[in-house]
Amino acid sequence: MSTPVLSTRGLDKNFGSLVVAKDIEIALPKGVRYALIGPNGAGKTTLINLITGMLQPDVGQIFLGDEEITRLGPEQRVRRGLVRTFQINTLFPNLTALEAVTLAVCERRGDAKTWWRPITAYGEVLDEAYSILTSLLLAPVCNRPTRELAYGQQRLLEIALALATRPKVLLLDEPAAGVPRDESSELFAAITSLSQDITVLFIEHDMNIVFKLASRIIVMVGGRILVEGTPAEIAADPRVREVYLGGAHHG
Amino acid sequence: MAVMSSAVTNPHQFLQAQNRWHWIEVAFWLATLLPFVLTPSYLSLASQIAITALFALSLDLILGYAGIVSLGHAAFFGFGAYTAGLISKWGWGEPLSGLLIAAFSAAVLGYLMSFIIARFRHLTLIMMTLGLGLLLFEVANKASWLTGGADGLQGVHMWPLLGMFRFDLYGYTAYTYALIVLFLLFLLSRRLTNSPFGLALRGIRENLTRMRAIGATSRSHIRTVYTISAAIAGVAGGLLTQTTETVSLGVVDFQRSADVLVILVLGGAGRLYGGLIGAIIFMVARDQFSGINPQYWYFPIGVLLIAVVMFLPNGILGGLARLVASWRSRSQ
Ligand SMILES: Nc1ncnc2c1ncn2[C@@H]1O[C@H](COP(=O)(O)OP(=O)(O)OP(=O)(O)O)[C@@H](O)[C@H]1O
Ligand SMILES: [Mg+2]
């Protein structure tokens with residue numbers, strides 16, 4: 001079997017006496033759609049923080065392909081193609097949607113260091129940013145400040161910013177968090193239509209969506225990986241049922 | 001219907017329209033020529049205003065755009081001022097090259113400082129910059145063999161500008177010189193803020209966490225803008241030295257750092273013209289009120305500052321922009 005695109009070995013993380021990650025081992029092959037599920041406080045967001053370098057693990061290693069990235073800063077990981085979105089909107093409130101995505105494209109191309117050329121001279125950058133926004137149905141509002149966008153549009157912009165970096169591995173932390181179920185279809189359509197070259201790990205509480213989108217599922221409980229498998233295996237697993245019938249699940 | 005109109009505008013046109021010169025800007029720069037005809041006896045004041053405006057512009061680049069607070073920006077102003085003064089004292093009185101050297105030395109100081117600055121934020125950063133400012137003040141004070149200390153630097157004498165224009169008593173040359181330098185560096189700043197780099201600075205101000213998540217090289221951006229800002233502050237300091245032919249400790253004192261911050265907040269940070277408008281209001285107010293009561297002239301400035309911060313969080317320019325926007329949307 002070829003090397004996984006993203007893998008971890010024995011990741012541990014404690015906040016004081018609280019164990020938020022214990023012996024985390026994952027290995028994502030190229031192009032798969034992985035769902036990461038588990039009750040509130042299971043440590044899902046923490047795992048994304050560890051993988052993307054926003055938190056340092058106490059013990060363990062992280063690999064992107066063959067390269068160990070455990071000690072790299074978050075921005076260096078992003079430039080190698082490991083990109084995330086946030087459960088809670090983490091956007092640029094006073095930039096327009098177009099400016100925000102243009103900024104992300106500029107950073108990727110190394111143009112953001114240029115201070116002697118006007119942004120309007122970067123036609124192809126603007127075109128690329130605009131086409132990303134178009135694909136996420138944000139073109140009509142692209143010249144409005146982010147803070148004025150509807151909440152659901154801001155969730156789409158989270159994904160747009162991630163896509164502008166041209167990720168190899170995309171970690172989506174509850175992309176539809178806070179979006180009413182009947183309005184989340186645009187978001188999941190966008191995720192479904194992502195290129196098969198991109199490896200995706202997404203956190204989601206809604207089981208219908210998880211089973212529809214994921215080719216494999218990881219279940220986390222109390223900072224540990226309880227089980228990993230295909231949707232059918234997970235659905236049939238008595239331990240998973242126990243966790244979810246225990247009342248900890250809100251979705 | 002703002003939504004509709006932005007929907008039909010293509011992104012290129014929209015951004016181009018934003019970067020284009022507005023007629024108000026043209027009018028503003030034409031108005032800077034008025035002192036030559038209307039108040040020729042106030043040209044020295046006008047040149048001080050232009051210098052202060054340039055200093056405020058330098059602070060705007062880091063504070064208004066990148067969101068980096070500084071309570072010690074006079075360090076760079078003063079460094080440029082002393083550099084320009086010393087060069088002249090040591091026998092080289094040519095203004096333009098002196099100004100370049102002042103800019104360069106302030107830039108070097110800024111570049112060195114930027115490695116510390118880029119690591120901190122919020123209160124720590126304020127204390128850092130404050131500390132730097134106080135430190136430089138003490139150095140200038142103690143090294144009186146070099147700087148003249150509290151007596152000021154004596155023996156500064158400038159050669160005529162371009163070998164032709166003497167620095168006259170009326171400030172004619174001084175204002176012309178300061179205004180041209182201000183305008184050129186304004187053009188540079190305008191270009192910078194409209195560039196991809198300028199966009200990245202605003203990104204740093206808006207959300208540093210997201211900047212990391214898009215792979216941005218924020219620290220190197222901060223170092224660059226800090227160096228540029230220090231250089232411009234150094235030019236402002238150098239201009240003050242050259243147009244007044246003295247350097248006092250006041251060029252590096254805390255008051256100067258505080259004043260420029262007040263000026264920028266009054267005028268409105270993050271819009272380039274804020275510092276210019278703020279400088280005009282502040283300096284004219286100081287000139288007028290200190291004539292009436294030299295001790296208490298800060299009182300009206302204090303009242304104005306409180307009023308602006310309470311009612312116009314984006315400064316006077318921000319308030320004007322909002323007024324125009326609401327007036328436009330009503331008239332549609
Ligand atoms: N910086 C921190 N310091 C201390 N404790 C933290 C910190 N971040 C998270 N925690 C705790 O770690 C545990 C795991 O949090 P995490 O956000 O990873 O959960 P999660 O699985 O993403 O939950 P949710 O489904 O609610 O988003 C929680 O108990 C949380 O309170
Ligand atoms: Mg979470």
Ionic contact status for A:E158 with B:R210, cut-off 4.0 Å: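 Salt bridge: yes.
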For [X], does the [atom1] atom have more than 12 heavy-atom neighbours from other residues, nucleotides or ligands under 6.0 Å away?
X      : atom1 : result
B:F104 : CZ    : no
B:W21  : CH2   : yes
B:R119 : CZ    : no
A:E124 : CD    : no

B:R191 (side chain) donor-acceptor with A:W116 (main chain) under 3.5 angstrom: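 Yes, B:R191 side chain to A:W116 backbone: donor-acceptor pair under 3.5 Å.
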Side-chain (B:N207) to main-chain (A:L91) donor-acceptor, under 3.5 angstrom: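 Checking the backbone N and O of A:L91 against the side chain of B:N207, a donor-acceptor pair under 3.5 Å is found.
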Nearest heavy-atom neighbours spanning B:S195 and A:R117: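 Heavy-atom minimum between the residues: CB-O, 3.1 Å.
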Closest approach of A:R79 to B:G215 (non-hydrogen atoms, all atoms of both residues):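 The pair with the smallest heavy-atom distance is NE-O, 3.0 Å.
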Side chain to side chain contact (heavy atoms under 4.5 Å, CB included) evaluation trace for A:E75 with B:R219: CA-CA 11 Å; A:E75 50 281 327; B:R219 281 208 181 148; over 6 Å; no
Heavy-atom check, side chain of A:T52 versus side chain of B:R212, under 4.5 Å: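 Not in contact.
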Per-residue contact mode, A:F92 against chain B (heavy atom under 4.5 angstrom):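 Contact with chain B involves both backbone and side-chain atoms of A:F92.
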OG1 on A:T114 to CG on B:L199, rounded to 0.5 Å: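 OG1 of A:T114 is found 12.0 Å from CG of B:L199.
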Spatial distance of atom NE2 (B:H221) from atom CD (A:E107) [nearest 0.5 Å]: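 Nearest 0.5 Å value for the NE2-CD distance: 3.5 Å.
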A:K113 vs B:T224, side chain to side chain donor-acceptor pair (under 3.5 Å): CA-CA, chis, key distance, verdict: CA-CA 9 Å; A:K113 289 186 190 310; B:T224 307; over 6 Å; no
Highest number of heavy-atom pairs under 4.5 Å with chain B: which of [options]?
options                        : value
A:L95, A:N94, A:L126, A:D111   : A:N94
A:L103, A:D127, A:L133, A:T165 : A:L103
A:A104, A:A162, A:G110         : A:A104

Option among B:V225, B:L188, B:L201, B:T193 that satisfies the side-chain contact (heavy atoms from CB on, under 4.5 Å) test with A:W115: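 For A:W115, the side-chain contact (heavy atoms from CB on, under 4.5 Å) test succeeds with only one of B:V225, B:L188, B:L201, B:T193, which is B:L188.
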Verdict with supporting geometry, A:R108 and B:I214, side chain to side chain contact (heavy atoms under 4.5 Å, CB included): CA-CA 8 Å; A:R108 187 195 80 225; B:I214 59 172; over 6 Å; no
